[in-house]
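Remarks on the structure that follows.
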Amino acid sequence: MRLNNGRNLYYVSMSRRVFFSAFSVAIGALLSPAFPFAVGFCETNPLALLDGVGGKEPIAAQFVPRTAPVMVSLLANPDQLENLRQVLVPPSERGAAKREWRQVRDRLLSKTKLDYERDIQPWLGDEVTFAVTGLDADRNGDNGRQPAYLLAARAADRERSQGFLELFWQKQALAGVNPIFERYKGATITYGEAMDVLPDGVWRSRRRGQAAPRTNLATALVGDEFVLLATDPKVLREAINNVQVPGQNLASLAAYQRGIATGDNDRRLGVVTADFATLTRLFQSPKASAALGILPASKAFSPFDGAIASVEFDRQGVTGNFQFLNRDNRPEAASRLSAPKLAEPVAALGYLPRNAAIAVGGEDLADLWQDVRGKFAGTLLGDSVIAQINQLAARENLTLETDVLPWLTGDYAIGFVDGSWVAVAAHSDNSAVAFQRLDQVASDRGWTVGAVSLGEGDGTIEAQVWSRLTAQGKTVTTKVEGVRAQVNNYDILTTSVAALNTVLAAVPNTEKQPNPQSFLGRSDVQRNLAQLPQPNDGYLQLDWSAAKPVLGRLFPLLTVLDNFGQPILNRLETITVVSHGDMGFDGKGNKTAGGDRRQITLKAQLRR
């Protein structure tokens, strides 16, 4: 894109609260309940753009610096979301859906005194890009971190978009903003400061009661295409510089170009990028690290420099295809994993009950764990996740490497069902030895190891129960610590008798037909398995409302993200994740065949 020096750029100062209200005008539609289902609209058929927008890329990536921590871009008109939403919901719910949309939209606009249909809708185009361009805009640690935000909304009508900015700042002027004009690289820049008793460029902190440099928040109309909103005029000046010097912007980064060329680009409706090196600095504060449940950052975030995701939509929800990136073309052997092993659904998942809140399935977890640990150990992400998983095993009085992994060498499934954990794995000589060790560990801890019959009729099995007896006066109480059994050719370990009984009710009726009471018997699971890439490393599904409490205790960062993602996440039903190989690139940036790079596909199914 080329800047037109004959056009003016308008910058006006406003409070941080007003800025967030202002950019919410443009992205309010994305945060509405219609967003997860929408991808675009066609005058004759609102469903037409479920097939994507033909490989479009974010034009606004030219404004974004190469090291931007996060960029999120929607490649369709946000106003089109409600049209598709109305088609997807049942007729009886369309009135409620429309009211819900308007309530969210009007709430986001309430502080701006703008009317969406009158002021925004006439000019808003087919791209909205939001970026965190820096973690501290003024680079002054004394006043805390002041993140730099940039929003770029493509304008379908330049005159109306300019009129929108003029109207907005007329309203701000009535509220006490004094416009100031400045020439910058051949363009007229207009920004402003509040007309108060403090000297120009100074504001009084309400929290600290002391004078501090004022943070100027700004807007601009760039050329004929984009309306920009930012937290500081500096951010917009840098955005203009990034366009004029292509080597400085994200779109020119070789890793970004490699990532955005990967996958089914025609179906892409959005793009998300992250720079891990920059994000690592978020966790350098011990206070922030403790609040998020992440180890303090004294190391790299991950073996990769960053990630890029192409976002697709369908009738059920949203799919993100994540590609991990390195900035240069150095060999990526250090970040490669073993080739994916699974070309069909994991049979062990058929032994998990259908109400499993967390379900994980794969092959040879012991080998995969060592592989992942070898690649991610020594990084912020790897060490934090490894610590939390070891902590989870410790809560069940188990040690991961010696008590859990040795018997998970075939196809396996792990689930969380009604407050209990369930692990299922194909029987092998390793599992027989592992269970003998577990029986011995239970005895050494003073637990009782005994047999019990479970089930009814032909489904009766003998299980081993590890129980702990506690005497209080004349009363003896028994607490079950674990139950194990063999069903067909699978070993099963649970943390309660009730959980094993639900497993027995889910046992497959035949080898090819899953039990309707099992996890594999669910229609949504069958649909997901049919759509996900193969071969892959396995399958993870979360029923969000049921899994959120237990995962939030293990990973506090998820609770933060859940709160941040409201109200969208209120509509989230399930999350499905699968890791798989994809086309890679050689040292010259050319495509090479053969699963030498990893891609993660994340699918979010949402309530309509």
Please tell me if the side chains of [X] and [Y] come closer than 4.5 Å, counting only heavy atoms from C-beta onward.
{"X": "S73", "Y": "L75", "answer": "yes"}
{"X": "T273", "Y": "V271", "answer": "yes"}
{"X": "F63", "Y": "N242", "answer": "no"}
{"X": "L151", "Y": "V128", "answer": "yes"}
{"X": "P58", "Y": "I260", "answer": "yes"}
{"X": "D305", "Y": "F276", "answer": "no"}
{"X": "F322", "Y": "T601", "answer": "no"}
{"X": "N249", "Y": "V64", "answer": "no"}

Exam field: side chain [X] to backbone [Y], donor-acceptor pair closer than 3.5 Å:
{"X": "R66", "Y": "G247", "value": "yes"}
{"X": "D275", "Y": "T278", "value": "yes"}
{"X": "N77", "Y": "D126", "value": "no"}

Will you find, in the side chains of [X] and [Y], an N or O donor that is under 3.5 Å from an N or O acceptor?
{"X": "R527", "Y": "Q531", "result": "no"}
{"X": "T574", "Y": "D543", "result": "no"}
{"X": "T129", "Y": "E127", "result": "yes"}

Qualifying residues under side chain to side chain donor-acceptor pair (under 3.5 Å), relative to D157, sequence neighbours excluded: none
R160 bridged to D119 by N-O distance under 4.0 Å: no
Closest heavy-atom pair and its distance - R268, G55: NH2-O, 3.4 Å
Taking every non-hydrogen atom, the tightest pair across F313 and R267: O-NH2, 3.3 Å
Rounded to the nearest 0.5 Å, what's the gap from [atom1] on [X] to [atom2] on [Y]? Could you check?
{"X": "L253", "Y": "R258", "atom1": "CG", "atom2": "CZ", "value": "8.0 Å"}
{"X": "D115", "Y": "L167", "atom1": "CG", "atom2": "CG", "value": "10.5 Å"}
{"X": "W123", "Y": "L221", "atom1": "CH2", "atom2": "CG", "value": "9.0 Å"}
{"X": "T319", "Y": "N321", "atom1": "OG1", "atom2": "CG", "value": "7.0 Å"}
{"X": "Q62", "Y": "E225", "atom1": "CD", "atom2": "CD", "value": "8.5 Å"}
{"X": "L150", "Y": "L236", "atom1": "CG", "atom2": "CG", "value": "6.5 Å"}

Derivation of the side chain to side chain contact (heavy atoms under 4.5 Å, CB included) call for Y149 and T133: CA-CA 6 Å; Y149 300 104; T133 61; over 6 Å; no
F324/I308 under side chain to side chain contact (heavy atoms under 4.5 Å, CB included): CA gap, chis, key distance, verdict: CA-CA 7 Å; F324 294 104; I308 183 170; over 6 Å; no
Option from D314, T576, N528 for which side chain to side chain donor-acceptor pair (under 3.5 Å) with K603 holds: D314
